[in-house]
Every structure is written in C-alpha cells, then in structure tokens.
Amino acid sequence: MQRITTTLFLIVSIFSLHAQEIRVEPPNWWIGMQNDTVQLLVHAEGAGKWQPSVKAKGVTLLQTHTATSPNYLFLDLKITPEAKPGSIKIKFSENGKTVATHAYPISQRSPEFAQVEGFQAKDVMYLITPDRFANGDTTNDSVEGLREKGTDRSEDYARHGGDLRGIINHLDYIADMGFTTIWPNPMLENDMPKSSYHGYAITDYYKVDPRYGTLEEYQELAEKGRAKGIKLIMDGVVNHCGSKHWWMEDLPFEDWLNYQEKIQVTNHKRTVNQDLYAAEVDKQRMTGGWFVPQMPDLNQRNPFMATYLIQNSIWWIEMLGLAGIRQDTYPYPDKYFLSNWTCRIMQEYPNFSITGEEWSYNPVIVAYWQQGHDNPDGYTSCLKSPMDFPMQGTLSKALVEPENWNSGLIKLYEALANDFIYTNPNDLLTFADNHDMDRIFTQVKDDPALAKMAMAYLLTVRGIPQVYYGTEVLMGNSAKPGDHGLIRTDFPGGWPGDTQNAFTGKALSQQQKDMQAYVKALLNWRKTEPAIYEGKTLHFAPVKGVYVYLRYTETSRILVVMNKNKEEVDVPLSHYQEAIQGAKTGTDVLWKETVELGETLKVPPVSTRIMNLGE
C-alpha cells in the first residue's frame with residue numbers, strides 16, 4: 001500500500017519571491033477519483049488580486065473565484081487519469097509579475113482505499129475518548145505554542161495526556177477483547193484555551209492535534225488496526241468549528257458562518273427538520289444558531305464552505321483508509337447539505353459507512369434520516385446508520401424500572417416493535433451509553449448483574465453495537481452523575497503508576513474481572529454467529545420479568561432469555577414453542593453446556609441465558 005508522509009503535505013508552504021506565506025487546503029489530492037475536480041482554498045495576504053496559472057499534464061485550472069476578504073482565492077482544478085504523480089507548480093502573478101509559487105502534491109489513489117469496506121452488523125465498535133484512554137507518549141503532553149498547557153489528571157475537564165500512541169500500544173487488547181472497529185472522538189487540532197480534551201472544537205481541519213501525535217501516527221493506527229482486523233472510524237464535525245479556528249481572524253465571506261455578526265445560540269429544536277408546521281424563524285435558529293458560544297456555526301449553504309467540508313471528509317478517508325465516519329450533531333447543519341455530503345461520499349466509496357448522531361428518543365425522527373426512507377417532504381439521504389437513541393433510552397429504564405404492565409422489560413419489547421419505521425433496522429448503530437451520557441453502570445444503579453444484562457441485550461439484538469471504553473470493567477460516574485469530565489474518565493492502566501490496570505487485570509475487583517470476561521466471551525462468540533449479525537428476530541411479550549426472543553437464519557437459531565427477577569425462574573417452554581420448534585437440546589453459548597429442553601428452562605436471577613438450539 002502506498003504510504004503518504006506528512007512532510008509532503010505541510011499545510012503552510014513557502015515558495016515565493018517575497019517569502020509570502022501561503023496556506024492551501026486541501027494540502028494534496030489524488031489522481032483517479034470518481035469526481036476528478038478539487039477546489040483549493042488559497043489564503044495569503046493579498047491573494048485575491050493574484051492570477052493563478054497551472055501547467056501540468058492532465059491538470060487543468062477550470063476557474064478562479066475571489067472572496068469578500070482580499071486574502072483568499074478558490075481554484076477549481078481538474079485532475080484527469082493522464083496526470084502524473086508528483087508536485088504540480090501553481091504560479092501566482094500580479095500585474096504581469098510572479099509574486100508567489102506553490103508546489104501542490106498529487107499522488108495516485110490507492111485502489112484498496114477506493115473499495116474500503118464499511119462497518120456492518122457483524123462488527124462491534126469500541127468508542128474511545130483518546131485523551132482518557134492511554135498515554136503512550138508523555139513527550140507530547142504539553143506542546144509549545146498551544147493555548148492549553150500541560151495535563152492535570154485530577155481535573156475532570158483538563159487534558160490528561162492520552163494519545164494516538166496509547167491506542168496503538170493497546171490494539172492487541174482491543175482485538176483480543178473481540179472488538180472489530182474503533183471510533184475515537186475527534187483527534188484534530190483543538191487549540192482552545194480550556195476544556196479542549198474532547199475534540200469537538202476543531203481549529204484546523206487538516207491537522208492532527210500534536211498532543212495526540214502526528215499524521216504519521218494516525219496512519220500507523222489505521223494500518224496496524226487493519227492488520228489486526230480492526231476498522232477505523234473518524235468522528236466528523238461539519239456543523240461547527242472552534243472559536244480559535246485559524247480562519248476566525250480573517251473570514252473569507254460575510255456568510256462563512258451563521259449569525260456571523262452577532263452570536264445566536266441554537267434553540268435545539270431538532271424536529272424542525274421534519275415538522276410540517278415549523279415556523280421559519282425556528283428553523284433558522286435551529287440550523288443557524290451556534291451550538292455553544294465557543295463553537296461558531298458553519299454555513300453549509302455557502303457553496304465554498306460546503307465543498308470545503310465535503311473535500312475534507314474525502315481527504316481523511318483517503319489519507320487513513322477509513323471504514324466509516326460518525327457525524328456529530330447530525331440534525332444541526334443544513335439538511336440539504338447533509339444529503340449532498342453523504343451521497344457524495346457514498347458515490348466515491350460505495351462500500352463505506354456513515355453514522356449520524358440524532359439524539360432523539362422518537363424513532364420516527366431518527367428514521368427520517370436513514371437512506372431509502374420515504375419521507376413526506378421528499379427529503380433523501382445517503383446515511384446508512386443513524387444512531388439508535390430510541391433503543392438506548394429504553395434499555396436502562398427497562399432494566400431498573402419495576403415490572404408492571406407498562407414498565408420494565410415491556411419497554412424493550414415495545415421499542416423493538418417500532419422497527420417497522422426504519423428502512424433497515426439492522427444498520428442502526430446500537431449502544432448502551434457513550435461519551436455524552438451517564439455510563440451504563442451508573443444508569444443501572446451500579447448493579448453488575450444488570451450491567452451484564454445490558455451488554456447481553458446489546459450484543460444479541462439487531463443492529464451494529466457500539467461499546468464505550470471501560471464498560472467492560474464497570475467504569476461509572478455515580479460520584480457525579482451527568483458530569484461529562486467524569487463520564488470520560490481515565491481507563492485504568494493507561495498511565496504509568498496506575499494502581500489498577502484493566503489491560504492486564506492487575507488489582508481489578510472480582511466484579512470487574514467477571515464483567516470483562518463476560519463481555520469478551522460475548523464479543524468473540526458473536527463474531528461466529530450469523531443468526532446474531534444477519535438473522536431475523538422473533539420475540540415474545542415479557543411475562544413476569546422474563547423476556548424471550550429468537551435470532552435466527554435458515555441454519556441457526558439463538559434463543560435469548562432475560563430474567564430480571566431476583567430469584568431463579570423456571571421458564572415454561574411450552575409458551576415458546578414457536579421459537580424452539582421441537583428442539584430437544586440447546587447449548588448455552590457462555591456456560592458451554594448442553595441443556596435438555598424439557599418443560600422448563602432454569603434461568604438464574606438477574607441474568608441472561610443465550611442458547612444455541614440444537615436439532
């Protein structure tokens with residue numbers, strides 16, 4: 001595979017007669033793309049007066065655009081298959097004199113990346129907050145020139161020092177656990193004065209935050225992950241940037257941002273995207289308002305901004321060989337831009353995967369965004385995998401609520417009954433928690449047995465499961481519910497001197513070890529069972545705290561029996577013959593024992609039995 005090094009793609013390059021500093025984004029491009037045009041953003045003092053020219057085989061300068069600011073040019077280049085890998089010379093002239101030149105790198109596209117396989121229901125995604133997972137390189141904990149200095153692990157909202165090297169060093173652990181995909185929170189530069197650890201206030205869309213490492217290390221993570229059967233997902237942010245983004249000192253256009261002259265914070269009324277009766281003022285405030293005052297809202301209706309964001313996503317896919325993108329705050333940008341963004345990516349990468357964060361507990365709202373959904377307003381999307389917040393919001397409630405006719409496990413049963421609204425329920429991204437909410441262990445009142453039941457459900461029901469780092473060792477945040485800094489706490493063993501080490505098992509409690517072994521067994525078994533990742537579902541209304549469902553194909557049947565009662569239950573099997581279909585025995589996939597399927601099946605208190613039905 002062709003390896004591209006950072007040194008070829010310095011974002012700021014100086015090739016000029018007057019030592020003129022020129023920023024060109026994207027910093028490089030490829031030969032052989034489905035769409036053979038690329039639009040370059042050029043930023044330099046007085047660039048708006050320059051006349052660019054390009055002379056290179058297979059490369060044509062189609063058009064030049066100026067901006068409101070006198071310091072920008074936008075160049076439309078056509079790069080045909082006849083182009084040769086290397087650097088093309090872009091000459092900038094003013095009044096007939098050359099004032100600057102720029103060597104723009106182009107390279108041959110990797111055929112492997114063009115056919116990259118996205119995530120799917122066979123995969124299980126491991127969500128990582130990089131600053132809090134493992135510190136593999138202490139030399140980058142503090143970087144000269146950045147606004148937030150140093151690390152402080154005692155402060156929930158400070159940087160703690162986790163980095164790319166920390167993830168790379170523990171790929172074996174991730175693979176051995178049984179995860180097949182990793183989704184790190186954003187790792188691009190967040191040069192903000194404080195609380196920059198989370199990654200969602202990007203200040204340079206083409207630069208890895210140096211406190212995480214380098215572009216080469218990001219590529220190393222992708223390559224070494226692929227070698228171990230682990231796909232890489234990128235956390236994308238097209239709705240907003242950080243208030244210290246480099247362009248904030250010199251915005252290209254008067255409408256580069258929404259509410260550019262006076263900050264207005266969004267009303268968060270996400271349903272305006274579907275609401276037939278929504279007022280225009282509410283729609284504008286929703287999509288145009290800033291997420292928070294520190295995150296300027298990008299105006300995707302500006303065609304240059306739209307192209308910039310689409311190209312940026314494609315650039316990272318090509319640079320890293322990504323398998324997918326998780327798009328943050330999905331309903332907040334202009335929805336017609338989102339349609340163009342998703343479809344443009346899927347045209348370039350037919351096997352790619354995109355998941356979008358629509359934090360709604362209403363399945364009708366979530367389904368609106370899924371590819372192929374028949375929407376009353378005619379809206380079309382190429383989003384394969386909306387995040388299944390409706391199921392997430394139901395799971396912990398179902399486990400902690402008392403059992404009644406309208407509470408408890410009946411909530412899971414009814415939630416799954418809503419699947420008719422989705423184009424493809426099996427493509428939904430399912431999860432019990434993530435970096436923005438209380439950890440599942442906290443949600444189930446610090447009960448290890450209920451945490452295991454949550455994982456058993458997540459890993460046997462339809463969809464593409466995502467597990468937040470540390471769930472496997474019962475990490476929680478009960479000390480400060482709702483506190484994002486504590487939710488995103490340090491993984492034990494990720495720092496030298498940690499008293500506990502979840503990577504090795506050192507000093508973990510017996511409950512933590514049991515949970516880790518339970519999740520590992522489920523994950524590795526799940527890989528081998530088509531009935532789970534591509535099968536159909538048959539479920540039965542819960543009875544007295546017991547919920548039974550079947551996952552099945554023509555050749556395999558997996559019976560799942562959830563018992564929420566605090567005592568052992570003899571489940572009468574006559575009620576479930578539609579699923580059992582006369583099978584005489586079943587193999588418990590975790591206990592590895594063969595069980596006679598007579599009149600009843602014993603299920604221990606607060607537990608889940610997963611049975612592979614025999615003949």
(message) Under 6.0 Å from the ring centre and within 45 degrees of the ring axis: does the NZ or CZ of Arg132 meet both conditions for the six-membered ring of Tyr197?
(response)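 Yes; both conditions hold, so Arg132 lies above the ring face of Tyr197.
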(message) Within 45 degrees of the ring normal and closer than 6.0 Å to the centroid, is that where the cationic atom of Arg439 sits relative to Tyr469?
(response)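 Yes, Arg439 sits over the ring of Tyr469.
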Compute whether any side-chain donor of one residue and acceptor of the other, for [X] and [Y], lie under 3.5 angstrom apart.
X: Thr203; Y: Glu189; answer: yes
X: Tyr218; Y: Glu223; answer: no
X: Lys452; Y: Tyr457; answer: no
X: Asp334; Y: Thr287; answer: no
X: Asn477; Y: Asp438; answer: yes
X: Trp315; Y: Asn28; answer: yes
X: Ser196; Y: Arg159; answer: yes
X: Tyr308; Y: Glu25; answer: yes
X: Thr537; Y: Tyr552; answer: no
X: Asn185; Y: Tyr200; answer: yes
X: His160; Y: Asp490; answer: yes
X: Arg551; Y: Tyr533; answer: no

Do [X] and [Y] sit within salt-bridge range, that is, some charged N less than 4.0 Å from a carboxylate O?
X: Glu534; Y: Lys122; result: no
X: Glu348; Y: Arg109; result: yes
X: Asp328; Y: Arg326; result: yes
X: Arg462; Y: Asp388; result: yes
X: Asp123; Y: Arg526; result: no
X: Lys228; Y: Asp176; result: no
X: Arg211; Y: Asp163; result: no
X: Lys231; Y: Glu117; result: yes

(message) Here's a test for you: under side-chain contact (heavy atoms from CB on, under 4.5 Å), which of Asn434, Leu428, Thr430, Ile365 qualifies with Phe389?
(response)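 The passing option is Asn434.
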What I'd like to find out is whether the side chain of [X] reaches to under 4.5 Å of the side chain of [Y], using heavy atoms alone.
X: Ile233; Y: Leu322; answer: no
X: Pro26; Y: Val38; answer: yes
X: Leu171; Y: Ile230; answer: yes
X: Gln371; Y: Thr342; answer: no

What are the two closest heavy atoms between [X] and [Y], and how far apart are they?
X: Pro210; Y: Asn140; value: O-CB, 3.4 Å
X: Ile182; Y: Ile167; value: CD1-CG2, 4.2 Å
X: Ala83; Y: Ile106; value: CB-CD1, 4.0 Å

Whether the side chain of [X] engages the backbone of [Y] through a donor-acceptor N/O pair (distance < 3.5 Å, no angle test) should be reported.
X: Ser385; Y: Thr355; result: no
X: Trp183; Y: Ile325; result: no
X: Thr471; Y: Val467; result: no
X: Tyr157; Y: His484; result: yes

(request) Tell me whether the centres of the aromatic rings in Trp369 and Tyr379 are closer together than 6.0 Å. (result)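 Yes, close enough.
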(message) For the aromatic rings, using the six-membered ring if either is Trp, is the centroid distance between Phe352 and Phe113 under 6.0 Å?
(response)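 When the ring centroids of Phe352 and Phe113 are compared, they turn out to be at least 6.0 Å apart.
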(message) side chain to side chain contact (heavy atoms under 4.5 Å, CB included), that's the test. Do Gln466 and Thr181 meet it? Break it down for me.
(response) CA-CA 9 Å; Gln466 168 251 296; Thr181 307; over 6 Å; no
(message) Atom NZ of residue position Lys506 - does it have more than 12 heavy atoms of other residues, nucleotides or ligands inside 6.0 Å?
(response)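 Open.
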(request) Go through Met475 and Tyr468 one step at a time and tell me if the side chain to side chain contact (heavy atoms under 4.5 Å, CB included) criterion holds. (result) CA-CA 10 Å; Met475 281 171 57; Tyr468 195 28; over 6 Å; no
(message) Determine whether Tyr518 and Glu472 satisfy the following criterion, side chain to side chain contact (heavy atoms under 4.5 Å, CB included), listing intermediate values before the conclusion.
(response) CA-CA 8 Å; Tyr518 185 81; Glu472 71 270 30; over 6 Å; no
(request) Determine, stepwise, if the pair Asp498 / Arg153 fulfils salt bridge (Lys or Arg N to Asp or Glu O under 4.0 Å). (result) CA-CA 12 Å; Asp498 282 359; Arg153 293 182 67 197; 3.2 Å; yes
(message) I'd like to know whether Leu232 forms a side chain to side chain contact (heavy atoms under 4.5 Å, CB included) with Leu221, so could you lay out the CA-CA distance, the side-chain angles of the two residues, the decisive distance to 0.1 Å, and finally the verdict.
(response) CA-CA 8 Å; Leu232 179 62; Leu221 172 64; 4.2 Å; yes
